[in-house]
2 protein chains.
Amino acid sequence: MIDAAGLRVMKAIQDEGSFTAAAVSLGYTQPAISQMVRRLEQRTGTVLVERLGRSVRLTEAGQVLARHASTVLAALDAAEEEVAAIAGLRSGRVRLMAFPSSSATVVPHALALVKRRYPDVVVTFTEAEPPESLAALKAGECDLAVAFSYEGIDLSEIQEDLDSLVVTKLLDDEVRLALPDGHPLADQDTAELGALADEPWIAGCPKCRGHLVHLAREAGFAPNVAFETEDYVAVQGLVAEGLGVALIPDLILRTTHHPSVRALQVSPSSRREIFAVTTPDLARVPAVQATIEALVEAAEVHG
Amino acid sequence: MIDAAGLRVMKAIQDEGSFTAAAVSLGYTQPAISQMVRRLEQRTGTVLVERLGRSVRLTEAGQVLARHASTVLAALDAAEEEVAAIAGLRSGRVRLMAFPSSSATVVPHALALVKRRYPDVVVTFTEAEPPESLAALKAGECDLAVAFSYEGIDLSEIQEDLDSLVVTKLLDDEVRLALPDGHPLADQDTAELGALADEPWIAGCPKCRGHLVHLAREAGFAPNVAFETEDYVAVQGLVAEGLGVALIPDLILRTTHHPSVRALQVSPSSRREIFAVTTPDLARVPAVQATIEALVEAAEVHG
DNA sequence: CTCATCATATAACGTTCCGTTATCCCGCGT
DNA sequence: ACGCGGGATAACGGAACGTTATATGATGAG
């Protein structure tokens with residue numbers, strides 16, 4: 001019934017004292033104001049201005065509208081400014097979820113980049129393995145996920161999700177074989193997985209364990225998984241003590257490498273892909289875009 | 001750029017969880033909401049809603065708009081309600097100016113009527129003689145004036161003003177001749193003015209004095225004005241003491257009639273007209289209308 | 001007192017906004 | 001596989017709102 005434009009006009013009339021002056025101050029022509037007032041008057045069913053010969057003056061009802069104008073216009077401006085701030089990266093929030101081994105390397109670097117460039121953009125960060133982070137993304141609990149997929153295996157499995165999501169490749173992460181220092185193969189650069197068929201294995205997260213099983217099957221054996229932990233420091237500790245061997249992504253080894261653990265190339269080589277995932281809508285949010293860009297740059301450094 | 005309708009839509013989407021539900025709650029169709037959101041998004045240059053397969057969810061920027069919606073809509077509703085209250089006589093203010101002798105009779109009665117009918121309409125009241133009250137009306141210092149004009153004299157003089165004003169006739173007020181009790185003519189019902197050519201005269205307000213002079217001239221003499229006061233109680237006191245004779249409007253005599261003062265009809269008879277005056281714009285303001293109506297009714301009682 | 005001037009009102013017109021109906025497309029659940 | 005619920009899109013009509021051109025009325029100066 002009554003809108004912000006009407007209030008703005010009434011306020012201008014009160015401030016300027018005439019239709020013409022109000023029109024100038026609002027960048028309109030005089031008849032525009034004249035008609036606006038007439039429309040307002042017939043909508044509200046009241047007289048809003050007194051027409052004196054030379055100038056005009058607001059009636060009580062007109063003054064009511066002019067008085068409320070400030071409130072409404074201020075709130076409207078505030079809303080506009082807040083949105084503009086988000087659009088202009090002077091504000092904004094990104095809820096990021098990443099899996100543990102990325103959160104030690106690429107992610108902190110990217111967060112630092114974002115913070116340096118856009119100090120007022122807040123990136124909140126939660127650790128989560130790919131299945132949960134993607135679920136959270138779809139549930140609207142996060143805006144951006146850093147996930148991985150072992151090449152050729154469950155990539156196609158997630159693919160069904162990925163076609164409705166925006167995926168940005170960050171880096172390839174070589175999977176290496178971790179052996180204790182005194183192990184017979186420890187001095188080699190490369191080892192075939194089949195040569196370790198009889199060793200006890202130490203597995204990481206469920207997804208990583210799945211990958212191990214897959215690779216082992218291709219090498220012709222079913223691994224004897226003696227330990228299971230998501231903590232790769234613990235994995236390396238177990239390996240160092242000679243309690244088993246493990247597959248460890250290179251990204252982790254570059255961060256924390258136990259001195260008594262040898263890391264060999266696996267043959268045939270296996271890698272996991274790490275990428276940033278978000279929804280098509282969120283991909284167009286400036287703060288999310290900025291975070292993805294920072295992740296890409298951080299990945300180049302760590303690649 | 002951004003208007004109240006847009007905010008209302010964003011809030012409805014947030015509250016209802018889908019475009020369709022929002023459309024229903026606002027009484028629109030679904031495409032209307034869809035387009036509204038699209039327009040808002042391209043105007044602000046930001047993504048406002050995430051389209052998930054089944055439902056939608058607001059982005060951060062969208063939430064900002066939804067949050068501000070309450071403020072804006074509340075202020076808008078408040079403004080609308082206040083104006084409606086004025087239109088519905090549940091509120092409103094009338095600044096009334098009336099000349100002294102009316103303020104003792106018709107005006108208080110009218111004010112009581114207004115207060116009884118519309119308890120929340122406030123009528124403020126200031127005493128002023130016609131020239132000032134009409135000036136105040138044109139200066140915007142009052143909304144309604146109760147004025148008088150002696151018939152055939154300055155009526156035409158004010159007429160130039162009155163064609164641009166709204167005049168409502170209230171009543172005719174007979175002008176009577178006040179004589180002291182023992183005066184030779186005191187026992188008559190009627191007296192010719194010429195018979196009092198040699199008496200000392202007591203004049204009221206400037207306008208009344210003008211009327212006296214005018215009537216005397218027509219009767220063939222120039223009155224000897226011995227006293228001049230705007231207070232008609234004082235006038236009657238002077239008359240009672242035999243210090244002079246006076247013309248006094250009947251309206252006053254009906255309120256306060258000095259026991260030793262005789263009031264005769266004047267021949268030829270003379271009356272003053274009492275009317276309510278306002279501007280064409282103000283005449284359409286409900287509270288002003290109501291006050292005029294009350295004045296008319298009060299005048300009928302006092303007529 | 002008349003005239004120039006300034007301000008509002010009105011008429012006529014074009015554009016934009018914003019709603020509608022009719023339809024298509026997609027994700028999801030049976 | 002199919003139906004259904006929900007959003008997007010196209011086409012269209014009307015109302016809102018701006019413009020220019022012009023009339024009307026009040027005011028102040030010569």
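Chain identifiers are assigned alphabetically (A, B, ...) following the order of the sequence lines, protein sequences preceding nucleic acid strands; residue numbering begins at 1 within each chain. Side-chain atoms are counted along with the backbone in the values below, which use heavy atoms only and exclude waters and symmetry mates. Nothing here was measured: the structure is a model prediction, and the numbers come from that model.
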By a strict heavy-atom criterion of less than 4.0 Å, which residues belonging to residues 41-49 of chain A are in contact with DNA chain C?
none
Considering residues at least two apart in sequence or located in another chain, which fulfil the side-chain contact (heavy atoms from CB on, under 4.5 Å) criterion with B/Leu96?
B/Val107, B/Leu111, B/Val123, B/Phe125, B/Leu144, B/Val146
Tell me, which of residues 11-24 of chain B have any heavy atom that sits under 4.0 Å from an atom in DNA chain D?
B/Ser18, B/Phe19, B/Thr20
Rounded to the nearest angstrom, tell me the gap between atom CE in A/Met1 and atom P in C/dC18.
19 Å
Interatomic spacing from CG in B/Asp172 to CD in B/Glu273 - rounded to 0.5 Å
5.5 Å
Span of DNA chain D in contact with chain A (heavy atoms, under 4.0 Å)
D/dC17 to D/dT27
Rounded to whole angstrom units, what separation is found between the CE atom of A/Met36 and the C1' atom of C/dA9?
17 Å
Going by salt bridge (charged side-chain N to carboxylate O under 4.0 Å, His left out), name the residues that satisfy it together with A/Arg39, two or more places apart in sequence or in a different chain.
none
Generate the contact string for nucleotides 21-30 of chain C. Rules: B means base contact, S means sugar-phosphate contact only, - means no protein heavy atom under 4.0 Å.
BB----BS--
Residues passing the ring-ring contact (aromatic ring centres under 6.0 Å, His included) test with B/Phe99, sequence neighbours excluded, are B/Phe148
For A/Glu60, check salt bridge (charged side-chain N to carboxylate O under 4.0 Å, His left out) against everything at least two apart and list the hits.
none
Between A/Thr291 and A/Val114, which heavy-atom pair has the shortest distance, and what is it?
CA-CG2, 3.9 Å
Mind jotting down which residue pairs meet the salt bridge (Lys or Arg N to Asp or Glu O under 4.0 Å) criterion with at least one end in residues 13-25 of chain A? Sequence neighbours excluded, please.
A/Lys11-A/Asp15
Atom pairs and distances, side-chain donor-acceptor, residues 19-37 of chain A, under 3.5 Å, sequence neighbours left out:
| from | atom 1 | to | atom 2 | distance (Å) |
| --- | --- | --- | --- | --- |
| A/Ser25 | OG | A/Ala22 | O | 3.2 |
| A/Gln35 | NE2 | A/Pro31 | O | 3.3 |

A side-chain contact here means heavy atoms from C-beta on lying under 4.5 Å apart; do A/Lys169 and A/Val296 qualify?
no
Does a salt bridge link A/Arg209 with A/Glu129, judged by any charged N lying under 4.0 Å from a carboxylate O?
no
Only counting residues at least two apart or in another chain, list the ones meeting salt bridge (charged side-chain N to carboxylate O under 4.0 Å, His left out) with A/Glu50.
A/Arg57
Approximate separation, where rounding is to 0.5 Å, of A/Ile274 CD1 and A/Leu170 CG
7.5 Å
The complete set of side-chain hydrogen bond (donor to acceptor under 3.5 Å, both in side chains) pairs with one or both residues in residues 80-100 of chain B, sequence neighbours excluded, reads A/Arg67-B/Glu82, A/His68-B/Glu82, B/Glu81-B/Arg90, B/Arg95-B/Asp143
How long is the line joining CZ of B/Arg8 and C1' of C/dC18, in whole Å?
14 Å
